[in-house]
2 protein chains.
Amino acid sequence: MIEARHLRVLRAVAATGSFSAAARELGCTQPAVSQQMKALEASAGTPLLVRTGREMRLTQAGEVLVRHASGILAGLTAAEEEVAAIAGLRAGRVRLVSFPSGSSTLVPTALAALRADHPGTRVSLVEAEPPRSVEMLREGDCDVALAFRYGPGPSEWDDLVVRPLLTDRLVGLVPEGHRLAGAGAVGIGELAEESWIAGCPRCRRQLVDVCERAGFTPRIDFATDDYPAVVGLVGAGLGVAVLPELAIESVRPKGARTVTVEPAVEREIVALTLPDLAQVPAVAATLERLTRAASRA
Amino acid sequence: MIEARHLRVLRAVAATGSFSAAARELGCTQPAVSQQMKALEASAGTPLLVRTGREMRLTQAGEVLVRHASGILAGLTAAEEEVAAIAGLRAGRVRLVSFPSGSSTLVPTALAALRADHPGTRVSLVEAEPPRSVEMLREGDCDVALAFRYGPGPSEWDDLVVRPLLTDRLVGLVPEGHRLAGAGAVGIGELAEESWIAGCPRCRRQLVDVCERAGFTPRIDFATDDYPAVVGLVGAGLGVAVLPELAIESVRPKGARTVTVEPAVEREIVALTLPDLAQVPAVAATLERLTRAASRA
DNA sequence: CTTCAAGCATAAGTGACGCTTGGGATGATC
DNA sequence: GATCATCCCAAGCGTCACTTATGCTTGAAG
């Protein structure tokens, strides 16, 4: 089995014409070169060098090996450099999955910072809601998933790297002319008789849970996953809603007013990745920038 | 420093999708594969594999390395095979130098046998007389030199591999009608008054030495290095000559008769090579065939 | 001719590396 | 829930590779 190390030594010997010179070039002692060549000749099964007096010449087999060596070593260094580029963030790719309101706020900030520091790192972004996004992560379809959960809970993410980014509060949204539009804080019970507009399925379940703890079941007249649509419906006076603060941030609440709801309901927004992937430089850098973007928000 | 061994393991892991399967394929245990991959990831500076449950996936860096691995390993095996072909006498080249009378007798027989056994081995033949041929050998311009010497002598070939092939006697050559043409053995002194035709320079010096030990100086009327010419001149009745037996073998002695001369003068025909080159399969095979050809002659 | 410098080979010692065995944890399957 | 397969970890051990030290050969210089 010919090893790359042997070929490096052989090439140096062929280039310099001497074991000692090759040793100096390789940064080792002359006996090391001597032994390497002996080992290489043993594995080749035939002499590669002819030591005649002071001169050192290649045999035919030696010439053959030197001729191949350049190509092989070139391929090796090319591979090393390409990997080093990825490891050094001069290249690399991160596949990011985010839920919609995250991708419109946190993600752009983080990716801008990432690009500024490491222009070679490419990030692809796909949108997916938490259950699906975590599934994608586990199946290898993405490297980082932005997800959220309501309260620390039992956490089905024990086997994942969980990087908390920020905690997002649910805020109430009422039409401009609503009786509570100017209120500072609103008990959730005060909205028991309202017509409700619900957002995404998980938010909806959360809404239902909160309302039931407050002693009523919300009457949901409209349901949509589209946050701007929810805001629009509220603005048109068709009902009230609770939405994550982050979701409203990127929407102009035309005709709608936000109010603080009591009791406070928070969701935790986290970045997830696989333990192995957390070691990948591009992934680590992405997590880092996401964290920083969250702390500034 | 990425080693070829690492790439072989990585390729096996990527192909089988499992450490255990790769270990079976490589003929080692699974922990060995595990450690190799760990070492490779350490030298790469970034994870190459993602272990997620049962599945084993490549990271981007891993994909890069696998992509390069095929080319690098292909080059390595190509080099190994080419060297193995030389070592296994399926390829290879021997540069042979011979003196003229050797190249017309021993060499053809030996090379025919070599080609019959190892058709892939190519032999190039150049003619040169001993002092020059040995010089060529030492300077790396040939691999095997056929040479001769008169008597074991002081031998300037201590640093060479000397393979004795056969001993060649000098025989007398007289015209058909000569008074000694029918004699069995002829004392060299009986030819003291003859007109001499001399061959190559070294043979000529040998002739002069022998004659002077017999008490006379030969009168050399014709001198040529061309053995057939010598035979032709003798056949034309222009003088007598002594020639190596081997030299006459390939010439039809038209009009000339050979006689045994006393005292017997013998030259030793040897094959020479450098100690290192003697280990080269093609060189060893050539020496072997030359020896056999000489023993059959 | 002797001396000197340079280069290669060899031997012994040391450290690291790589492989194996055995044990434990995890995930998929019946 | 038991079982099988897979992988990681730790310990033990053999081998490999490098270094230092030494001797030998070669070619050049005094």
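Every value quoted in this text rests on a predicted model; they were computed, and no experiment measured them. Here is how names work: the chains are called A, B, and so on, in the same order as the sequence lines, proteins then strands, and each is numbered from 1.
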Between [N] ([atom2]) and [X] ([atom1]): distance, integer Å:
X: A/Leu49; N: C/dG7; atom1: CG; atom2: C1'; result: 14 Å
X: B/Phe19; N: D/dC9; atom1: CZ; atom2: P; result: 11 Å
X: B/Leu274; N: D/dT25; atom1: CG; atom2: C1'; result: 16 Å
X: B/Met37; N: D/dC9; atom1: CE; atom2: P; result: 15 Å
X: B/Arg138; N: D/dG27; atom1: CZ; atom2: P; result: 10 Å
X: A/Glu41; N: C/dC8; atom1: CD; atom2: P; result: 13 Å

Is there a donor-acceptor contact under 3.5 Å from the side chain of [X] to the main chain of [Y]?
X: B/Glu41; Y: B/Leu48; value: yes
X: B/Gln60; Y: A/Arg93; value: yes
X: A/Thr273; Y: A/Asp143; value: yes

Give, for atom OG1 of B/Thr286 and atom NE2 of B/His118, the distance between the pair rounded to the nearest 0.5 Å. 9.0 Å
What do the steps show when you test A/Arg292 against A/Glu288 for salt bridge (Lys or Arg N to Asp or Glu O under 4.0 Å), and what is the final call? CA-CA 6 Å; A/Arg292 250 190 269 168; A/Glu288 169 64 23; 3.3 Å; yes
Does a side-chain heavy-atom distance below 4.5 Å link B/His6 with B/Leu65? no
Using OP1 and OP2 only, check whether a side-chain N or O of [X] sits under 4.0 Å from [N].
X: A/Lys38; N: D/dA17; result: no
X: A/Ser20; N: C/dA6; result: no
X: A/Ser34; N: C/dT10; result: no

Sequence-aligned protein contact record of nucleotides 18-25 of chain C, with B where the base is within under 4.0 Å of a protein heavy atom and S where only the sugar-phosphate is: SBBB----
